[in-house]
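Here's the structure, in structure tokens; my notes come after.
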Number of protein chains: 2
Amino acid sequence: MSSGSDQQDIKREKILEAAYQRFLHYGYSKTTMNEIAGDLSLSKALLYYYFPDKSQLYIAVMRKLAAEYIQKLQNKLNKFENLKEAFIVQIDTQHDFVVKNYNFFDFFRVNEQNLPDTIWDIITEIHQTEMVLLSAAIQIEADKGNIKPVDNPGEIVDLLLDALHGVRVSAVSHKKVIFPQKEHLEEIHTKRLLLLDIFIKGLMY
Amino acid sequence: MSSGSDQQDIKREKILEAAYQRFLHYGYSKTTMNEIAGDLSLSKALLYYYFPDKSQLYIAVMRKLAAEYIQKLQNKLNKFENLKEAFIVQIDTQHDFVVKNYNFFDFFRVNEQNLPDTIWDIITEIHQTEMVLLSAAIQIEADKGNIKPVDNPGEIVDLLLDALHGVRVSAVSHKKVIFPQKEHLEEIHTKRLLLLDIFIKGLMY
DNA sequence: AAACTGACTATTTAAACAAAATTATCAAAA
DNA sequence: TTTTGATAATTTTGTTTAAATAGTCAGTTT
């Protein structure tokens, strides 16, 4: 695989784990390299021996989380009963992922515009995976004749993912938020399932 | 109606119009009260005779635009053929509204979080109107028996409006944008019509 | 009195700078 | 090869000052 030794990989993993905990609790900007090193009783300089800089460390953690997410999605989507269930799996898995790592993503909220390209690459990779898996699910269902034949399943999946993404809570005065608050995630989840329900019916004969 | 004289109202209108043009071309922060006054060959002080401050002036313009938008929507939605057409009217009207006034809304992009409450009130009012009109449209269609009966039309409308709101363009790497760029509005419009199509079918038997 | 202005004050923005915190490097040690 | 202490470089934070702009008001014009 990689060029490093086993020992090196283990240490890398330890660093990634410590960094993840810090980022998760305090967010990117409130986490210092000193603190991560301190947690592991290492010198800060060593972190730079294993990772080129702070943002690369963050991205490495992100990549790991994304890989786990993708893995989970692939496992679960191997054995779906029908199209709707497939999308429910996607929605649920993503929901869990976001709830669990909510604070980790403060980096996104802060940097809002101009996230580094590497982050976008990861997002794109996740999206690609979702597209492939869910497009296949649509295709299978179309072949089974349960829904209308679609010439471009990807387009449909993309549209639905966008639509789901748009679901927000109706806050007191009307939806004052760009990023959803953590306490609203459950409500969003419920509404998404409703939207999915209608959307799927719309694909049927 | 209001306490001011006709002359006063006319002048107020002139100021609103001049302010609108400035805000539309240069945005909120790049427009000075001096410039607006200059356009009308008035002293800046007079603007403060008619409006308490700059933000109130902006909001007054906003309110006017919103009123026009609401008016247009109500007129058009008086005579819709079927549910789908009603939503198409909403989508088209909003599309035109956003395209026409795109630069005016830079205020929103800049202030992003914490917009003044008065702005949210206007947004809420627009949303309320859309809710009332489109909920009625759903109810009528349900009564006609063209779609399944719905216990809470408002919930459905809210959900669809959210979903439509979520539709974004797939930029090069995957959708790097929070606010849509002006050049993407057409593509978004097209995708929204597709989403609408599926959603409406999902409401039918 | 209502509409209006010039000259003034108050506030906000920006630029320049210094101090502190944090990131990042590197020669040398284990 | 892995690790560190010391140090350099950069970023963030806070402060000051100057300029631009918002906002006020006594007084003039209609």
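Order of the sequence lines fixes the chain letters, A, B, ..., with proteins taken first and strands second; residue numbering starts at 1 for each chain.
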Separation of dG5(D) atom P from Asn34(A) atom CG, nearest Å, is 11 Å
At under 4.0 Å, does any side-chain N or O of Gln8(A) touch on OP1 or OP2 of dT1(D)? no
Taken to the nearest whole Å, CZ/Arg12(A) to P/dT1(D) is 17 Å
Among dT4(D), dT2(D), dA3(C), the one nearest any side-chain atom of Tyr50(A) is dT2(D)
* To do: Kindly confirm or rule out a cation-pi arrangement of Lys54(A) over Tyr28(A), judged by NZ or CZ under 6.0 Å from the six-membered ring centre and within 45° of its axis?
  => yes
_Lys72(B) NZ/CZ over Phe97(B) ring centroid, <6.0 Å and within 45° of normal_ = no
Ile10(A) CD1 to dT2(D) C1', in whole Å, measures 14 Å
Looking only at dG6(C), dT23(C), dA22(D), the nucleotide nearest the Met33(A) side chain is dT23(C)
* Can Glu125(B) and Arg63(B) be counted as an ion pair, charged N to O under 4.0 angstrom? -> no
Query raised in the report: Does the side chain of Tyr102(B) come under 3.5 Å of the side chain of Gln181(B) through a donor N or O and an acceptor N or O?
Result: no
To the nearest angstrom, the CZ-C1' distance between Phe51(A) and dT3(D) comes to 16 Å
Tell me whether the side-chain N/O atoms of Gln7(A) come closer than 4.0 Å to OP1 or OP2 in dT2(D). no
In whole angstroms, the gap separating P of dT5(C) from OH of Tyr49(B) amounts to 12 Å
Per atom distances to the Leu46(B) side chain, the nearest of dT5(C), dT3(D), dA22(D) is dT5(C)
Rounded to whole Å, NZ of Lys44(B) lies from C1' of dT11(C) at a distance of 12 Å
By the 4.0 Å heavy-atom rule, please label Thr31(A) as base, sugar-phosphate, or nothing. sugar-phosphate
In whole angstroms, the gap separating C1' of dT23(C) from OH of Tyr48(A) amounts to 4 Å
Quick note, Ala45(A) side chain, CB onward, closest among dT21(D), dT2(D), dC26(C) is dC26(C)
Taken to the nearest whole Å, NZ/Lys54(A) to P/dA21(C) is 16 Å
Quiz prompt | Electrostatic pair Asp158(A):Lys191(B) at N-O distance under 4.0 angstrom | solution = yes
Picking from dC4(C), dT21(D), dG5(D), the nucleotide nearest the side-chain atoms of Lys11(B) would be dC4(C)
